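For ligands, and for the atoms within them, numbers begin at 1 and follow the listed sequence. Here the structure is a predicted model, which means the values were calculated and not measured.
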Amino acid sequence: MAVDFTGLKILNTAAEGRHILDLFDADSTRAQTFSAQADGLFFDYSKTNLDAQQKAALFDLLDVADVATKRDQMFTGAKINDTEGRAVLHTALRNLDGDDIFVDGSGVMDDVLNTLTRMTEFANGVRNGDITSSSGAAFTDVVNIGIGGSDLGPVMAYESLKPYSDGPHCHFVSNVDGAHIHDILKDLDPQTTLVLVASKTFTTIETMTNAETAKKWLVAKVGEAGVSSHFAALSTAQDKTAAFGINPDLVFGFEDWVGGRYSLWGPIGLPLMLGIGPDDFMQILRGAQAMDTHFKTAPWDENLPALLALTGLWHNQVCGYATRAVLPYEQRLVRLPAYLQQLEMESNGKRVAMDGADLPFHSGPVVWGEPGTNGQHAFYQLIHQGTRVIPCEFMVGKYGHEDDLAHQHELLVSNCLAQSEALLRGRSLEEAQSIMAAKGFEGDELDRQARHRVFPGNRPTTTLVYDKLTPFVLGQIIALYEHRVFVEGVVLGINSFDQWGVELGKELAVALQPVLAGKEDGAGKDGSTLNLVNILKV
Ligand code: F6P
């Protein structure tokens, strides 16, 4: 049954003008009753303007949309991606101890575990020097060529887990802009570089173009014969990897039931496994598996993915806040906002429901962010005093990895907590006036100066707290967000697992290339596009 946000909107309107601090005054246990934890991951949503009645009404959405049934269908291999006729089984890639899962009557776990073993053997071989370059030298560098889901997950996780990185240096090329690959290859030695071509489809133009560039660079130094030992492929399209000249022994395959933006857990994670080692990679899978179990078994009011989803739906669909900031107080999560942009916006940025009918409400919000404290010195001004409300998701660890810099970590944590406190309480005109009066201002000028220093406060935030950003915790966090997207998608009644919205631009780019090259005249193009073509044509 389609959900309806009308009742929730009425509840929201009825509470208009209420301050979140009033909710704390009314309930001394609010910090406990509006928070939950899963295997050490703690989620606080008490600093939102949600009361118990609204929360209960949000939980009703899960029943109306039958999230539990759809969740179980996903985990058991039903073809819930019904515009592509595919199962959605990224969870199988971390189903390390679970029962087999069947797609079209065939079990998938043997292949999943065999591929994981092959990846492990390969990664160990490269890391310990048993698998070498064509000259017999150990590989010192790995270049992953991929884009979207074949880039964002591995690069985000690699950056996040730098303290665990003890293998070859990993580099990530994604953009078709030649500057990207140029700037990376120029510092590398082809003799000791392993190139991973990461593409689910092995047709993505950016990746295939960069892969050809890398091949030329490599062949110029190590010869054509070197391709078979310096190139590996991570793909579902084994026929196409062979046509590119990749040694079949170095193709790590997966199935079409792993969506690109959900693919970090299998072969697409190979650069990460090479960088941090198979044991730590397994810990990422273990963390994700723990979150899968939590998602499947925890009651909704203790279920982190459900709670993140419901606060998200409340802010976007009910309150009408169009964007959401993700603010990790963890420098190494620098690429997490970009990763979440694909995960959330490619998944839930849809305009029609499963049955093709127009959505009667907005789909997912714009997701953006930066690590704190850098964001504080850039865009937090807008978050604190801008005229639109931007719900913020803070995340922070109790410990950093740098024991000798614990004092800096303390400062980081206090900044994180101070920001959500400031957004909650704000600063009233009276408080601002007394500050300015103490500085010697009087009369109209006192009032004018004070008004600039008012913080409305009452701005909703959530905080995700973990112990330390270990591989296990990273796996938990990523799986948490995956399932949050899933729950939101089910409630909205959309297909979170296709991405038709990226196709038109791709097609037009292919058609524009001959126009830019002067081989076609661009008949039928609009005036602006033609004018820009003329300006940019070389
Ligand atoms: O941008 C569209 C998209 O299909 C993403 O969903 C995907 O992650 C990316 O392109 C890369 O695709 P592939 O792994 O097939 O090269």
Considering both backbone and side-chain atoms of Gly149, is one of its nitrogen or oxygen atoms within less than 3.5 Å of a nitrogen or oxygen in ligand 1?
yes
Can you check whether Thr207 has an N/O within less than 3.5 Å of an N/O in ligand 1?
no
Ligand 1 contacted by Glu206 (non-hydrogen, < 4.0 Å)
no
If you draw a 6.0 Å radius around NZ in Lys537, do more than 12 non-hydrogen atoms from other residues or ligands fall strictly inside?
yes
Which part of Thr201 is near ligand 1, with near meaning a heavy atom under 4.0 Å away: side chain, backbone, both or neither?
both
Side chains of Glu159 and Tyr339: any donor to acceptor distance under 3.5 Å?
no
Can you tell whether the side chains of Arg261 and Glu346 come within less than 4.0 Å, N to carboxylate O?
yes
Heavy atom of the protein closest to atom 2 (C) of ligand 1 (residue, atom name, distance)
Val502 CG2, 3.4 Å
Is it true that Thr193 and His230 share a donor-acceptor pair across their side chains at a distance under 3.5 Å?
no
Of all the atoms in ligand 1, which lie at a distance below 4.0 Å from a heavy atom belonging to Ile147?
9 (C), 11 (C)
Less than 6.0 Å separating the ring centroids of Phe75 and His483?
yes
Is there a donor-acceptor contact under 3.5 Å linking the side chains of Gln289 and Asp97?
yes
Identify, for atom 12 (O) of ligand 1, the protein heavy atom at the shortest distance, and state residue, atom and that distance.
Thr204 OG1, 3.4 Å
Counting heavy atoms only, which of Gln499, Arg261, Glu346, Gln342 is nearest atom 1 (O) of ligand 1?
Glu346
Would you indicate which of Lys200, Glu503, Met208, Lys506 comes nearest to atom 10 (O) of ligand 1 when only heavy atoms are counted?
Lys506
Taking atom types as modelled, find out whether Asn316 and His362 have a side-chain donor-acceptor pair closer than 3.5 angstrom.
no
